[in-house]
Amino acid sequence: MRIFAFETYEEMSRHAAAVMAAEVRENPRTVLGLATGSTPLGMYAELGRMCRAGEISFRDVTTVNLDEYYGLTPDHEMSYRYFMEKNFFSLIDILPENTHLPDGTAPSPAMECQRYDRLIDSVGGIGMQLLGIGHDGHIGFNEPADQFVPGTNYVRLTEDTIRANARFFASEADVPRYALTTGIRAIMQAKKILMVVNGAAKAEILCRALFGPITPQVPASILLLHPNVTVCGEAPAMAMIREKFPTAIEK
Ligand code: GLP
């Protein structure tokens, strides 16, 4: 695992964008596993700038997103499909048919989970998986639980996640209670993982995730078993790691 700390959010975003850009240049047909949340916004904007400047192309890239709220239509402003179109896909030259998210309007969540797992297999798995981390240690919407769930699954969001994500909705009551999320298997089978983290509020959970113990109560802790993880963190999010494991940070 490589852990990098940056003084500002902008620096972190630029570095993370450079890591993803290197993957796309090396493997122009790569499959990117993508994430939503506020953390990757700066990185997506930087990749958009690079694409407009002709420094990179996503023409042959395929994307599979981690998750989607259940019950929101793709044109709902709070759906993750809408988020991705607005904050990334519209900024780059990716072909719309190569972008995939779980379908939050599928009548049967169970069948949609199976479809999404087959889709991930059919594109050959994930080349680089981008991850943020939730305040409770979730990745995608894999919430703290008694066990890790391997496949795409239909989850009830925890109260902590509902509260954390309420900032994007008119009120907490509007936050969907259920979501579809890629499971731990597809994430762990990604050839490379890139995690972005900012904000002092993530310092403790990030430290628990990256230094163990590995437990489904901190879903991100499973990443300790992955052979190729790069973490880009803004300094406040790195505070506890800096204090407890200073030599683990490269920059
Ligand atoms: C949501 C997403 C996660 C994301 C998390 C953190 O719950 N499902 O994929 O990592 O939020 O979001 P933020 O980056 O806004 O803190």
Side-chain angles (χ1 to χ4, degrees), residues 23 29-37 40 61-74 79-81 83-84 97-162 164-165 175-195 205 209-210 212-229:
E23 164 70 11
R29 304 182 67 81
T30 191
V31 176
L32 299 176
L34 296 179
T36 54
V61 168
T62 297
T63 65
V64 287
N65 260 77
L66 280 168
D67 46 15
E68 178 61 283
Y69 287 117
Y70 189 69
L72 299 191
T73 55
S79 77
Y80 282 168
R81 165 57 78 176
F83 175 102
M84 291 307 298
E97 61 270 29
N98 291 346
T99 66
H100 306 281
L101 282 90
D103 178 0
T105 65
S108 159
M111 282 174 68
E112 176 57 11
C113 291
Q114 286 176 19
R115 181 195 74 85
Y116 206 63
D117 278 336
R118 279 197 304 269
L119 176 104
I120 295 172
D121 287 346
S122 74
V123 296
I126 295 165
M128 177 174 278
Q129 175 67 57
L130 173 67
L131 293 174
I133 184 170
H135 293 272
D136 56 5
H138 71 233
I139 44 178
F141 270 134
N142 291 281
E143 297 280 29
D146 291 337
Q147 58 250 1
F148 292 107
V149 181
T152 299
N153 58 106
Y154 175 63
V155 280
R156 181 166 166 83
L157 303 180
T158 62
E159 289 308 314
D160 189 67
T161 297
I162 291 166
N165 290 356
V175 184
R177 268 38 187 173
Y178 291 88
L180 299 164
T181 182
T182 309
I184 295 299
R185 182 176 54 227
I187 295 173
M188 288 299 283
Q189 285 180 345
K191 293 194 186 76
K192 299 171 194 161
I193 304 248
L194 171 61
M195 177 175 262
I205 196 68
L210 302 188
I214 298 168
T215 164
Q217 295 298 339
V218 181
S221 63
I222 194 78
L223 299 177
L224 271 167
L225 299 179
H226 194 283
N228 190 329
V229 180

[X] versus [Y]: any side-chain heavy-atom pair under 4.5 Å?
| X | Y | answer |
| --- | --- | --- |
| P144 | P216 | no |
| I214 | I222 | yes |
| V218 | I205 | yes |
| L224 | P213 | no |
| D103 | E68 | no |
| R81 | N65 | no |
| I187 | F148 | no |
| L180 | P109 | yes |

Legend entry - Whether over 12 other heavy atoms sit under 6.0 Å from R156 CZ: yes

Inset, instruction - Verify the neighbour count for atom CD of Q147: are there more than 12 heavy atoms of other residues, nucleotides or ligands below 6.0 Å? - result: no

N/O donor-acceptor pair under 3.5 Å between [X] side chain and [Y] backbone:
| X | Y | result |
| --- | --- | --- |
| N142 | T182 | yes |
| T215 | Q217 | yes |
| Y116 | H100 | yes |

Inset, instruction - Go through the structure and list residues passing salt bridge (charged side-chain N to carboxylate O under 4.0 Å, His left out) with R115, not counting sequence neighbours. - result: E112

Inset, instruction - Return the orientation label for the F141 and Y69 ring planes: parallel under 30°, perpendicular over 60°, tilted otherwise. - result: tilted

What are the two closest non-hydrogen atoms of [X] and [Y], and how far apart are they?
| X | Y | answer |
| --- | --- | --- |
| G132 | A35 | N-CB, 4.3 Å |
| I139 | P219 | CD1-O, 3.9 Å |
| A164 | H135 | CB-CD2, 3.8 Å |
| G140 | H138 | O-CD2, 3.1 Å |
| H226 | M188 | CD2-O, 3.2 Å |
| V123 | V31 | O-CG2, 3.5 Å |

Just verifying a value: how many Å separate [X] [atom1] and [Y] [atom2], rounded to the nearest 0.5 Å?
| X | Y | atom1 | atom2 | result |
| --- | --- | --- | --- | --- |
| Q189 | I120 | CD | CD1 | 9.5 Å |
| R118 | T152 | CZ | OG1 | 10.5 Å |
| L130 | L32 | CG | CG | 8.5 Å |
| I184 | L225 | CD1 | CG | 10.5 Å |
| T62 | I126 | OG1 | CD1 | 11.0 Å |
| Y70 | T105 | OH | OG1 | 7.5 Å |

Inset, instruction - Check L194, L34, L66 against L131 for a side chain to side chain contact (heavy atoms under 4.5 Å, CB included) and give me the one that passes. - result: L66

Legend entry - Results of side-chain hydrogen bond (donor to acceptor under 3.5 Å, both in side chains) for T158 - residues two or more places apart only: D136, E143, T161

